[in-house]
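Heads up: the structure comes next, in structure tokens.
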Number of protein chains: 2
Amino acid sequence: MSINLFYLCRQNNFKNMEQDNLPLGMVVGQMMKEMINVLKKRDAEQAEVPLTIEQHAVLHILNERKSDVILKEMSCVMGKNKSSILRIIDVLEVKELVRRAVDTKDRRKKYLMVTKKGKQVIEKFLKIEAELRTELKKGLTKKEIKIFYKVVNHIKMKAEQL
Amino acid sequence: MSINLFYLCRQNNFKNMEQDNLPLGMVVGQMMKEMINVLKKRDAEQAEVPLTIEQHAVLHILNERKSDVILKEMSCVMGKNKSSILRIIDVLEVKELVRRAVDTKDRRKKYLMVTKKGKQVIEKFLKIEAELRTELKKGLTKKEIKIFYKVVNHIKMKAEQL
DNA sequence: ATAAATTAATTGACATATGCAACTAATTTT
DNA sequence: AAAATTAGTTGCATATGTCAATTAATTTAT
């Protein structure tokens with residue numbers, strides 16, 4: 001069996017390119033992809049109830065919010081279509097991580113309530129994520145990380161305005 | 001009609017949170033999402049042949065590579081399944097941006113050739129992207145941008161090793 | 001008070017994306 | 001010549017995403 005070195009990809013991918021001139025989405029996207037891959041893998045291995053990243057995100061945001069949230073608001077918060085969120089909620093409800101509770105005053109509204117099990121699941125995920133984050137940041141200075149977050153935030157805000 | 005201020009979301013989303021303690025993928029993901037939204041919109045408006053971001057990525061990488069590429073290698077370069085890439089290639093071939101050319105020596109292999117039209121399409125996209133990138137970077141110093149890319153690269157490499 | 005408009009949730013249709021496993025055809029190894 | 005490997009392909013499943021239409025509840029306008 002002859003190992004074709006040409007095919008040992010990914011390592012040499014973009015390495016010598018001037019990143020400054022590469023599509024931003026592509027550069028950041030690659031980073032995201034690698035990161036999410038590890039995260040998914042660890043979640044699948046370690047969590048009792050593995051979810052997709054989107055599902056985790058919804059659950060996490062539901063859990064963090066100060067006040068109770070309905071579907072409409074979630075879709076708005078996450079900048080996604082109502083039906084996308086609805087289907088994610090459907091999955092979360094089947095897995096008993098979220099329940100819908102009808103507003104007694106306005107019966108159109110359904111509050112999305114995180115169950116105890118849901119809280120446990122998201123806490124476990126956050127642990128896995130925090131651990132990974134620590135590993136990924138190793139070797140970077142606090143200042144660099146701070147600037148990184150600043151730039152991320154800057155780009156996000158700029159993009160929102162366009 | 002009463003405007004419910006509570007629902008004017010996204011603006012206040014995460015604003016007061018310590019980003020350092022938020023899931024990294026979520027923070028960066030939000031940035032990506034906003035950015036890609038603008039990019040898609042502009043591509044749809046300005047390009048003669050609008051593509052999805054993934055399709056553009058494949059076309060761009062095919063175009064940039066120094067040597068001719070087969071499906072297997074593309075899937076490896078992009079860190080995705082063969083069938084995912086295959087289907088993107090199918091779309092690109094229907095739109096006449098890419099053609100498959102069988103290797104005369106090894107007829108299993110099919111080289112993915114970018115057509116003239118394909119080159120035009122990707123160049124137009126890169127123009128749109130570069131313009132947007134300039135706008136997004138406005139207000140940031142060169143140093144900040146450099147550090148940003150450094151951190152992105154660092155995280156990507158770290159994640160690859162895990 | 002009733003009709004019209006608005007709102008929230010849902011559903012259906014459809015496109016994209018991704019991954020796994022099985023299959024075919026061509027080539028290489030044994 | 002048989003067995004193993006390789007590249008491409010197909011089918012199936014899941015997730016996500018958008019759009020448009022529907023239903024039910026509420027609010028606004030007349």
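Proteins come first, then strands; the chains are lettered A, B, ... in the order of their sequence lines, and each starts at number 1.
Atom-to-atom, CG of B:Leu92 to C1' of C:dT16 comes out at 13 Å; the value is rounded to the nearest Å. As rounded to whole Å, 12 Å separates atom P of D:dT6 from atom CD1 of B:Ile70. What separates CD1 of B:Ile36 from C1' of D:dG17 is a distance of 14 Å, to the nearest Å. Here D:dA25 presents its P atom at 19 Å from NZ of A:Lys72, a figure rounded to the nearest Å. The NZ atom of B:Lys80 sits 8 Å away from the C1' atom of C:dA17 (whole-angstrom rounding). Taking atom NZ on B:Lys109 and atom C1' on C:dT27, their separation rounds to 10 Å, with Å as the unit. Straight-line distance from the CG atom of B:Asp43 to the P atom of C:dT16: 13 Å, rounded to whole Å. The distance from atom CD of B:Glu93 to atom P of D:dG8 is 13 Å, rounded to the nearest whole Å.
In terms of position on DNA chain D, the residue among A:Val91 and B:Leu86 whose nearest nucleotide sits closer to the 5' end is B:Leu86.
A salt bridge is defined here as a Lys NZ or Arg NE, NH1 or NH2 lying under 4.0 Å from an Asp or Glu carboxylate O, and A:Asp103 with A:Lys105 fails to meet this definition. Remark: A:Glu144 engages B:Lys150 in a salt bridge, criterion side-chain N to carboxylate O under 4.0 Å. A:Lys158 has no carboxylate O lying under 4.0 Å from a charged side-chain N of B:Glu135, or vice versa, which leaves the two without a salt bridge. With respect to the salt-bridge test (charged N to carboxylate O, under 4.0 angstrom), the residues A:Glu131 and A:Lys127 do not qualify.
The CD1 atom of A:Ile122 sits 10.5 Å away from atom CD of A:Gln55, with the distance rounded to the nearest 0.5 Å.
Look at B:Lys40 and you won't find any side-chain N or O under 4.0 angstrom from OP1 or OP2 of D:dT18.
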Set out, line by line, the N/O atom pairs under 3.5 Å between protein and nucleotides 21-26 of chain C.
unit_1: C:dA26; atom_1: OP1; unit_2: B:Arg107; atom_2: NH2; d: 3.2

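More than 12 heavy atoms of other shown residues, nucleotides or ligands fall within 6.0 angstrom of atom NZ in A:Lys119.
Using a 4.0 Å heavy-atom distance criterion, A:Thr52 is classed as a sugar-phosphate-only contact.
Of the possible polar contacts, one joining the B:Lys117 side chain to the B:Lys95 backbone as a donor-acceptor pair under 3.5 Å is found.
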